[in-house]
Q: 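Sharing a structure with you now.
Index from 1, following the sequence. Please read all numbers here as calculations on a predicted model, not as lab measurements.
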Amino acid sequence: MTSMSRARVARRIAAGAAYGGGGIGLAGAATVGLLLAEAQLARRRVGNGTSPHVPNADGLYGRTYAVSTEQPPLRLTMLGDSTAAGQGVHRAGQTPGALLASGVAALAERPVELRTVATPGARSDDLDRQVALVLAAPDPVPDICVIMVGANDVTHRMPPTRSVRCLSSAVRRLRTAGAEVVVGTCPDLGTIEPVQQPLRWLARRASRQLAAAQTIGVVEQGGRTVSLGDLLGPEFAANPRELFGPDNYHPSAEGYATAAMAVLPTVCASLGLWPAEEERPDASRREGFLPVARAAAEAASEAGTEVAAAMPSGPRGPWALLKRRRRRRLPEQEPAPATPSN
């Protein structure tokens with residue numbers, strides 16, 4: 001599917017989500033039915049990814065900076081599915097939340113308090129519950145919320161309009177409360193090893209369609225997105241034994257570190273921590289202002305691509321800034337908190 005075609009589909013899905021439609025399917029209802037059957041077969045063939053247990057990484061990161069700053073810790077909350085929770089690794093410090101908290105603490109030179117409400121197996125319709133948990137907490141509203149969701153929506157045939165509507169509502173509630181929001185869009189399910197051709201291609205197509213539609217919905221609510229699709233594409237496909245975990249379904253520690261490296265610059269930019277000179281679009285990296293649907297379609301095909309709201313709506317609808325941020329090495333990861341908070 002071309003970028004322009006994906007943009008048209010994404011616009012239709014996002015419009016259906018905004019105006020209550022629900023009949024638009026991803027890659028066609030029949031093909032998604034086949035995809036579901038193949039995904040169920042794949043899940044039966046993978047082994048130890050079925051356990052919902054994930055390490056508890058919640059707690060304070062960057063404690064050493066508390067001595068040199070009088071500022072309170074930054075608050076980072078992870079929402080979404082098993083990818084946001086870190087299913088597939090054994091140590092708390094290997095989860096994406098811990099990696100992001102450590103990275104933000106090092107760049108801000110300030111402690112970061114991590115809280116995770118993401119749930120393995122969650123779909124976008126669980127975000128309402130997760131957001132309620134975040135906003136009901138006695139602690140202040142998080143400074144930044146990171147959401148990773150979408151894979152289970154595809155494999156369970158959730159209508160994409162409903163999926164995008166649920167995600168957009170979650171972003172709107174968090175932004176209204178005062179939190180910055182970064183969404184890692186639907187990963188490329190075509191890279192899961194047990195899924196064979198031609199359904200591997202259908203999985204990739206459905207994943208990218210949803211990722212593009214998610215981007216439109218998120219940006220319209222004031223959040224930013226980072227594409228995880230291609231990140232889980234060429235890199236994971238080229239190194240499946242290294243970047244997938246033992247279940248061949250969830251990322252390994254190396255895989256989560258790769259994903260965290262893609263999301264970290266956008267998280268830091270949302271918090272005003274990224275170098276100011278890198279906030280300007282760089283034409284040499286094909287960055288710039290585009291209609292949001294076109295930016296969403298391009299981002300769905302390239303890992304680590306950020307899309308954020310830019311200028312007001314024009315004749316072709318809302319515009320967005322597409323950024324291909326340079327990836328930097330994550331700061332040396334510190335051990336997980338000795339006494340995690342729940």
Q: Answer yes if Leu174 and Val149 sit in the same cluster of Ile, Leu, Val, Met, Phe, Trp and Tyr residues linked by side chain heavy atoms under 4.5 Å apart, and no otherwise.
A: yes
Q: Mind running side-chain contact (heavy atoms from CB on, under 4.5 Å) on Val134 and Val141 for me, showing each step along the way?
A: CA-CA 7 Å; Val134 173; Val141 172; 5.9 Å; no
Q: Rounded at 0.5 Å granularity, tell me how far NZ in Lys323 sits from CZ in Arg224.
A: 10.0 Å
Q: Looking at every heavy atom in both Ala151 and Pro187, which two are closest together, and how far apart are they?
A: CB-CG, 4.0 Å
Q: Is it true that Leu321 and Val171 fall in one hydrophobic cluster, defined by side-chain heavy atoms closer than 4.5 Å?
A: no
Q: Determine, using the 4.5 Å side-chain heavy-atom cutoff (strictly less than), whether Val131 and Met78 are members of one ILVMFWY cluster.
A: no
Q: List for me each residue that meets side chain to side chain donor-acceptor pair (under 3.5 Å) alongside Asp81, sequence neighbours excluded, and say none if there are none.
A: none
Q: If you measure from CG on Leu271 to CG on Asp143, what distance do you get to the nearest 0.5 Å?
A: 6.5 Å
Q: For the residue pair Val219 and Ala308, what are the closest heavy atoms and their distance?
A: CG1-C, 4.0 Å
Q: Looking only at non-hydrogen atoms, find the nearest pair between Asp125 and Arg162 and report the distance.
A: OD2-NH2, 3.2 Å
Q: Just to verify, what does Thr95 make a side chain to side chain donor-acceptor pair (under 3.5 Å) with, not counting sequence neighbours?
A: none
Q: Would you confirm whether Asn152, through its side chain, and Arg123, through its main-chain N or O, come within 3.5 Å as a donor-acceptor pair?
A: no
Q: So which atom in Leu79 and which in Ala118 form the shortest heavy-atom distance, rounded to 0.1 Å?
A: C-CB, 3.7 Å
Q: Any chain of hydrophobic side-chain contacts (each under 4.5 Å) joining Trp319 to Leu322?
A: no
Q: I'd like to know if the side chain of Ser169 reaches the main chain of Arg165, judged simply by a donor and an acceptor atom lying under 3.5 Å from each other, with no hydrogens or angles considered.
A: no
Q: Look up atom CD1 in Ile147 and atom OG1 in Thr83, then write down how far apart they are to the nearest 0.5 Å.
A: 13.5 Å
Q: Looking at side-chain heavy atoms only, is the closest gap between Gln221 and Arg175 below 4.5 Å?
A: no
Q: Of all residues at least two apart in sequence or in a different chain, which pass the salt bridge (charged side-chain N to carboxylate O under 4.0 Å, His left out) check with Asp126?
A: Arg129
Q: Any donor and acceptor pair, going by atom type alone, linking the side chain of Asp153 with main-chain N or O of Met158 inside 3.5 Å?
A: no
Q: Would you name the heavy atoms of Val154 and Ala206 that are closest together and state the gap between them?
A: CG1-CB, 4.0 Å
Q: Any donor and acceptor pair, going by atom type alone, linking the side chain of Glu287 with main-chain N or O of Pro281 inside 3.5 Å?
A: no
Q: How many angstroms lie between atom OG of Ser207 and atom CG of Leu228, to the nearest 0.5 angstrom?
A: 11.5 Å
Q: Does any N or O in the side chain of Arg324 come within less than 3.5 Å of the main-chain N or O of Gly304, such that one atom is a donor and the other an acceptor?
A: no
Q: Taking the side chain as C-beta and beyond, is there a heavy-atom pair between Pro72 and Arg110 under 4.5 Å?
A: yes
Q: Kindly compute the distance separating SG (Cys186) from CZ (Arg208), expressed to the nearest 0.5 Å.
A: 11.0 Å
Q: Within the structure provided, determine whether Thr215 and Glu298 are in side-chain contact (heavy-atom separation under 4.5 Å).
A: no
Q: With sequence neighbours left out, write down each residue that passes salt bridge (charged side-chain N to carboxylate O under 4.0 Å, His left out) with Arg173, or none if nothing qualifies.
A: Asp128
Q: Holding to side-chain contact (heavy atoms from CB on, under 4.5 Å), I want the full list of residues that pass it with Pro111, two or more places apart in sequence or in another chain.
A: Leu60, Tyr65, Ala66, Thr69, Pro73
Q: Set out, in order, the CA-CA distance, both residues' side-chain angles and the distance that settles side-chain contact (heavy atoms from CB on, under 4.5 Å) for Leu74 and Ile144, then state yes or no.
A: CA-CA 8 Å; Leu74 289 166; Ile144 180 81; over 6 Å; no
Q: For the residue pair Val104 and Cys268, establish whether any side-chain heavy-atom pair is separated by less than 4.5 Å.
A: yes
Q: Is there a side-chain contact (heavy atoms from CB on, under 4.5 Å) between Leu133 and Arg115? Walk through the geometry before answering.
A: CA-CA 11 Å; Leu133 287 174; Arg115 184 185 182 202; 4.2 Å; yes
Q: For a quick test of reading the model, state the closest non-hydrogen atom pair linking Val218 to Ser168 and the distance between them.
A: N-OG, 4.4 Å
Q: State the CG-CZ distance between Asp139 and Arg75, to the nearest 0.5 angstrom.
A: 4.5 Å
Q: How would you list, by chain and number, every residue that makes a side chain to side chain donor-acceptor pair (under 3.5 Å) with Thr185, sequence neighbours excluded?
A: none
Q: Give the cluster check for Val89 versus Leu99: same hydrophobic cluster or not, with ILVMFWY residues linked at side-chain heavy-atom distances below 4.5 Å.
A: yes
